Asks: 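Got a structure for you, written out below as structure tokens; questions coming shortly.
Everything numeric here is computed off the predicted structure, so don't read it as measured data. Counting begins at 1 with the first residue of the sequence.
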Amino acid sequence: QVQLVESGGGLVQAGGSLRLSCAASGRTFSSYAMGWFRQAPGKEREFVATISASGRTTDYADSVRGRFTISRDNAKKTVYLQMKSLPPGDTAVYYCAVRNSPYASPRPVEYDYWGQGTQVTVSS
């Protein structure tokens, strides 16, 4: 069993920045890939970013590439999502997830445990 707790969401003006954190417990964090996903009202959950267990491989959705950065601190069992130049279209609940593999993946179905989500609201 693993628990994931996201934090760092909130209200920000368009063009602003936020950093999300996801703290993990209950398993060997450094052996598993992590991902960030988001879900806006009325829309399906979508991929945002993923990072391999080692942190050497990352991937991003086209809509956030160049604006978001995923990183991890295995000693702290935490994965981060730095977001900048936020437009209102980035408003969503952001979820972190962990998969039983060291390899990064953009596919939600390949993730085994999910956090409860943190709301990000970007005002215009």
Asks: Could you name each residue pair satisfying disulfide (SG to SG under 2.5 Å) that touches residues 40-116, not counting sequence neighbours?
Replies: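 Only Cys22-Cys96 qualify under disulfide (SG to SG under 2.5 Å).
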Asks: Enumerate the residue pairs fulfilling disulfide (SG to SG under 2.5 Å) with a member in residues 35-74, sequence neighbours excluded, ordered by first and then second residue.
Replies: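 For residues 35-74, and leaving out neighbouring residues, there are no disulfide (SG to SG under 2.5 Å) pairs at all.
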Asks: According to side-chain hydrogen bond (donor to acceptor under 3.5 Å, both in side chains), who are the partners of Thr69, at least two apart in sequence or on a separate chain?
Replies: none
Asks: Tell me which pairs pass ring-ring contact (aromatic ring centres under 6.0 Å, His included) where either residue lies in residues 100-124, with sequence neighbours left out.
Replies: Phe37-Tyr111, Phe37-Trp114
Asks: If you look at every heavy atom in Ser31 and Ala53, which pair is closest and at what distance?
Replies: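 Smallest interatomic distance, heavy atoms only, reads C-CB, 3.5 Å.
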Asks: With a 4.5 Å heavy-atom cut-off, do Met83 and Val120 have their side chains touching?
Replies: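 When only atoms from C-beta onward are counted, Val120 and Met83 do touch, with a gap below 4.5 Å.
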Asks: Do any pairs count as a salt bridge (charged side-chain N to carboxylate O under 4.0 Å, His left out) and have a residue in residues 92-103, sequence neighbours left out, and if so which ones?
Replies: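 Every pair satisfying salt bridge (charged side-chain N to carboxylate O under 4.0 Å, His left out) with a residue in residues 92-103: Arg99-Glu110.
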Asks: Report the residues that fulfil side-chain hydrogen bond (donor to acceptor under 3.5 Å, both in side chains) with Ser52, sequence neighbours left out, ordered by chain and then residue number.
Replies: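 side-chain hydrogen bond (donor to acceptor under 3.5 Å, both in side chains) check on Ser52 returns Ser54.
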Asks: Flag yes if Val2 and Phe29 sit in one hydrophobic cluster, no otherwise; membership is Ile, Leu, Val, Met, Phe, Trp, Tyr, and two members link when side-chain heavy atoms are under 4.5 Å apart.
Replies: yes
Asks: On a heavy-atom basis, which atom in Ser21 and which in Thr78 lie closest, and how many Å separate them?
Replies: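 Distance-wise, the nearest heavy atoms are CB-CG2, 4.2 Å.
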Asks: Between Leu81 and Ala49, what is the shortest heavy-atom contact and its length?
Replies: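 Reported closest heavy-atom pair: CD1-CB, 4.1 Å.
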Asks: What pairs with Ser7 under side-chain hydrogen bond (donor to acceptor under 3.5 Å, both in side chains), at least two apart in sequence or on another chain?
Replies: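 Ser7 satisfies side-chain hydrogen bond (donor to acceptor under 3.5 Å, both in side chains) with no other residue.
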Asks: Enumerate the residue pairs fulfilling salt bridge (charged side-chain N to carboxylate O under 4.0 Å, His left out) with a member in residues 40-57, sequence neighbours excluded, ordered by first and then second residue.
Replies: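 Checked against salt bridge (charged side-chain N to carboxylate O under 4.0 Å, His left out) - neighbours excluded - the pairs reaching residues 40-57 are Arg38-Glu46.
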Asks: Hey, is the main chain of Gly117 close enough, under 3.5 Å, to the side chain of Glu6 for a donor-acceptor pair?
Replies: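 Side chain of Glu6 to backbone of Gly117, a donor-acceptor pair under 3.5 Å: yes, one is there.
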Asks: Quick one: which residue pairs count as a ring-ring contact (aromatic ring centres under 6.0 Å, His included) with a foot in residues 50-91, not counting sequence neighbours?
Replies: none
Asks: Measuring from Thr121:OG1 to Leu86:CG, what's the distance to the nearest 0.5 Å?
Replies: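 One gets 11.0 Å once the value is rounded to the nearest 0.5 Å.
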Asks: Determine whether Gln39 and Tyr95 satisfy the following criterion, side chain to side chain contact (heavy atoms under 4.5 Å, CB included), listing intermediate values before the conclusion.
Replies: CA-CA 8 Å; Gln39 188 166 18; Tyr95 300 88; 4.2 Å; yes
Asks: Residues sharing Leu11's hydrophobic cluster, by side-chain heavy-atom contacts under 4.5 Å among ILVMFWY, directly or via others?
Replies: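 Its cluster mates, by chain and number: none.
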Asks: Applying salt bridge (charged side-chain N to carboxylate O under 4.0 Å, His left out), which residue pairs with at least one partner in residues 64-89 are found, sequence neighbours left out?
Replies: Asp59-Arg65, Asp62-Arg65, Arg67-Asp90
Asks: Between Val79 and Ile51, which heavy-atom pair has the shortest distance, and what is it?
Replies: CG2-CG2, 4.1 Å
Asks: Considering non-hydrogen atoms only, spot the tightest contact between Ala24 and Leu4 and give its length.
Replies: CB-CD2, 3.5 Å
Asks: For Pro108 versus Pro106, what's the shortest heavy-atom pair and its separation?
Replies: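 Shortest heavy-atom separation between Pro108 and Pro106 comes out as CD-O, 3.4 Å.
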Asks: Does one hydrophobic cluster hold both Val12 and Val48, with members joined at side-chain heavy-atom distances below 4.5 Å?
Replies: yes
Asks: Residues in side-chain hydrogen bond (donor to acceptor under 3.5 Å, both in side chains) with Gln82, at least two apart?
Replies: none
